[in-house]
K.L.:
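Take a look at this one; I'll ask things after.
Being a predicted model, the structure only gives us computed values, none of them experimental.
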Amino acid sequence: MRAVKRTWLAGGTLAAGALLITLAAVVLVLGLMGADEVTAGPDWVPPSALGILAPLLGSVAVACGALLLGGGTAYLAATFLSFERPRARPVLLGLFGAGTWMPTVVLGLFGVVWLQPIIGGYGILAVIIVLSLAAFWPATAHFTAILDAVPREVLDGAIAIGADGATGRRLLAPRAVRTGLVRAVVGLAGRLVGEGTVTALLIGNNGSYPPALLHPSATMASVLLTEGGGAPPGSPWEGALWSLGLALAILAALLGRALGAWDA
Amino acid sequence: MVRLVALAAALLLIASALAAHSHGRDLVVSGSTGALPAAEEAARAVSSRGQPVTVVAGGSLLGLTLVERGDVGIALSEVRPRPPLHAVVLGQLPVAVVAHRDIGPVPLTLGDLRAIVSGAVTCWCQLGGRSLRLTFFFRTPVSGVRIALLQLLLGNADVTARSVNALSNGDVLLGVRRTPGAVGFVEGVLRPEGVEVMAVDGLYPAERGYPLMIPIYAAYRGRLSPAQGAYLAAVRRLLR
């Protein structure tokens, strides 16, 4: 069991390290591609300041926060449905299916009307909570389908060597289907990092550094959504928006690679 | 869902308007959402005299882009157009300062507004009001009213790093209505509901001499056609 724990710890550390390298890589790749309208400065307050750092960190914070909260709770729910209450699964997954079809803009309005008065304002926290909710339904269905593929022999074998059933389900089952889980998480991260509608409604759209949980902030997707098409043609601002779009695509790709390192 | 349907409808409207414009008879006007009521009323008046006019909203900066590309005939803008576009000032639009009902009437000056926009004031107690955190609702950087207000109030100074930048006038009103201690700017709306309209230098938006007025420009390319001239005259009559 210690070996299994060590493997997960090493994978997680590798993924966290890769995430940090991702931040530097986005700035480096933009520089190499000559996308010099956007700067490595901290603030995005156009047209005077076109720094990438605040929206970049905002995107990473939103994606990681929603991934941990939404993905984490979805995994726990999937474990419950797959191993603890398999009989309740058809009913509950049917209910979750209704949540899967909920347009994110409706969840965003829910956040504006109900959530913001409770948490006291605009910022990354409101976005993380609502995006977690948006991610929870499809991720639960996805994780449940993956955990169903755990061979029965793995769980029986764990009990046979003296571990209790819970240990087998908690540590050995995810290891048996790790590749599928990691791919699901990578897909979820790509979707979360590019989500713009909910973010623009809840984050406050202020690209000043540093982004904060409970202060108006911005992500690259929210900047593109709120400013795309509005910048004067041919201006550095318009060029910077194109660069920001490129940076978002690079971030999504690198984030996928970073999380994929978990499966190494 | 409502937004998506509205977006699809707006895109269809713009596409049909541009298609009609390409036939050369319709005058298509785009630009400032703050000037939209005047723009639409003028369009109805001119259309009733036999010259079809179609108005599509989209904001000042988008309007200027469309007129520069030749996609529309006139753009109404709070931002001063740059050459090669020609521009005339049609009038001025009041910008109301709206606040959450809990704040009550606090006498504000232009200097107070400068302090709010720059971030120097973060509590209503600094302005003689209650001890309540001030949340400032502004507009996103592509908003014409934001650009015009920054020029009017701050010149080249920096705007606060803590403003909530709303997507539209409606978003500002919604946010101010729901957030205790909130204050924001709403253009062209004289009696918004559910919020406190604040006096600036002792004057309200409908009163003569109100200091928070922003100019509305009309931008066009080349020489004005008779249809364009008639439409601009109609808008000018509706603005102050």
Side-chain angles (χ1 to χ4, degrees), chain A residues 42-50 54 101-109 112-118 120-123 126 196-198 200-212 214-218 222-235 237-238 240-241, chain B residues 1-7 11 14 31 58-69 71 77 79 81-82 85 100 119 122 133 135-144 146-147 150 154 156-168 170-172 174-175 177-182:
Chain A
D43 295 316
W44 177 274
V45 187
S48 55
L50 299 171
W101 290 104
M102 180 85 74
T104 50
V105 69
V106 175
L107 291 172
L109 287 175
V112 169
V113 175
W114 295 103
L115 182 65
Q116 272 178 338
I118 295 170
Y122 294 75
T197 314
V198 166
L201 283 170
L202 296 168
I203 202 165
N205 305 308
N206 193 320
S208 300
Y209 181 86
L214 286 171
H215 282 300
S217 307
S222 72
V223 167
L224 289 169
L225 186 78
T226 56
E227 297 173 23
S235 64
W237 183 4
E238 191 199 36
L241 282 172
Chain B
M1 183 57 81
V2 173
R3 274 176 179 242
L4 285 176
V5 172
L7 181 66
L11 286 174
I14 290 174
S60 297
L61 293 183
L62 181 64
L64 291 176
T65 300
L66 291 177
V67 81
E68 198 167 340
R69 289 202 319 226
D71 291 336
S77 168
V79 182
R82 293 183 179 167
L85 295 179
H100 190 269
T122 55
R133 194 182 74 166
T135 304
F136 172 46
F137 282 78
F138 210 14
R139 295 283 299 278
T140 56
V142 291
S143 158
R146 175 187 167 115
I147 295 168
L150 284 178
L154 295 188
N156 291 324
D158 286 339
V159 62
T160 173
R162 290 293 174 225
S163 63
V164 176
N165 295 328
L167 304 177
S168 64
D171 277 351
V172 172
L174 179 69
R177 211 178 284 140
R178 300 191 69 88
T179 312

K.L.:
Need one label for B:Thr140: side chain, backbone, both or neither, based on atoms under 4.5 Å from any heavy atom in chain A.
P.N.:
side chain
K.L.:
Relative to chain A, which segment of B:Arg177 carries a heavy atom at a distance below 4.5 Å: side chain, backbone, both, or neither?
P.N.:
neither
K.L.:
Would you mind checking which part of B:Phe138 comes under 4.5 Å of any heavy atom in chain A, side chain (CB onward), backbone (N, CA, C, O), both or neither?
P.N.:
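No part of it gets close to chain A.
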K.L.:
A quick test of your reading: do over 12 heavy atoms of other residues, nucleotides or ligands sit less than 6.0 Å from OH of A:Tyr209?
P.N.:
no
K.L.:
Please tell me if the side chains of B:Val142 and A:Thr226 come closer than 4.5 Å, counting only heavy atoms from C-beta onward.
P.N.:
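They are not in contact (no side-chain heavy atoms under 4.5 Å apart), so the answer is no.
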K.L.:
Pick one of side chain, backbone, both or neither for B:Ile147, based on which atoms fall under 4.5 Å of a heavy atom in chain A.
P.N.:
neither
K.L.:
In Å, rounded to the nearest 0.5 Å, how long is the span from CD of A:Glu227 to CG of B:Asn165?
P.N.:
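Atom-to-atom, A:Glu227:CD and B:Asn165:CG are 9.0 Å apart.
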K.L.:
Please flag which part of A:Val113 lies under 4.5 Å from any non-hydrogen atom of chain B: side chain, backbone, both or neither.
P.N.:
both
K.L.:
Which region of B:Val159, side chain (C-beta onward) or backbone (N, CA, C, O), has a non-hydrogen atom less than 4.5 Å from a non-hydrogen atom of chain A, or is it both or neither?
P.N.:
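Only the side chain of B:Val159 comes within 4.5 Å of chain A.
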K.L.:
Give, as side chain, backbone, both or neither, the part of B:Arg178 having an atom under 4.5 angstrom from any heavy atom of chain A.
P.N.:
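Answer is side chain: those atoms of B:Arg178 sit under 4.5 Å from chain A.
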K.L.:
Check whether A:Pro46 gets within reach of chain B through its side chain, its backbone, both or neither, counting any heavy atom under 4.5 Å.
P.N.:
both
K.L.:
Exactly one of B:Val164, B:Thr135, B:Thr160 should register a side chain to side chain contact (heavy atoms under 4.5 Å, CB included) with A:Pro216. Which one does?
P.N.:
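Going through B:Val164, B:Thr135, B:Thr160 one by one, the side chain to side chain contact (heavy atoms under 4.5 Å, CB included) with A:Pro216 is satisfied by B:Val164 alone.
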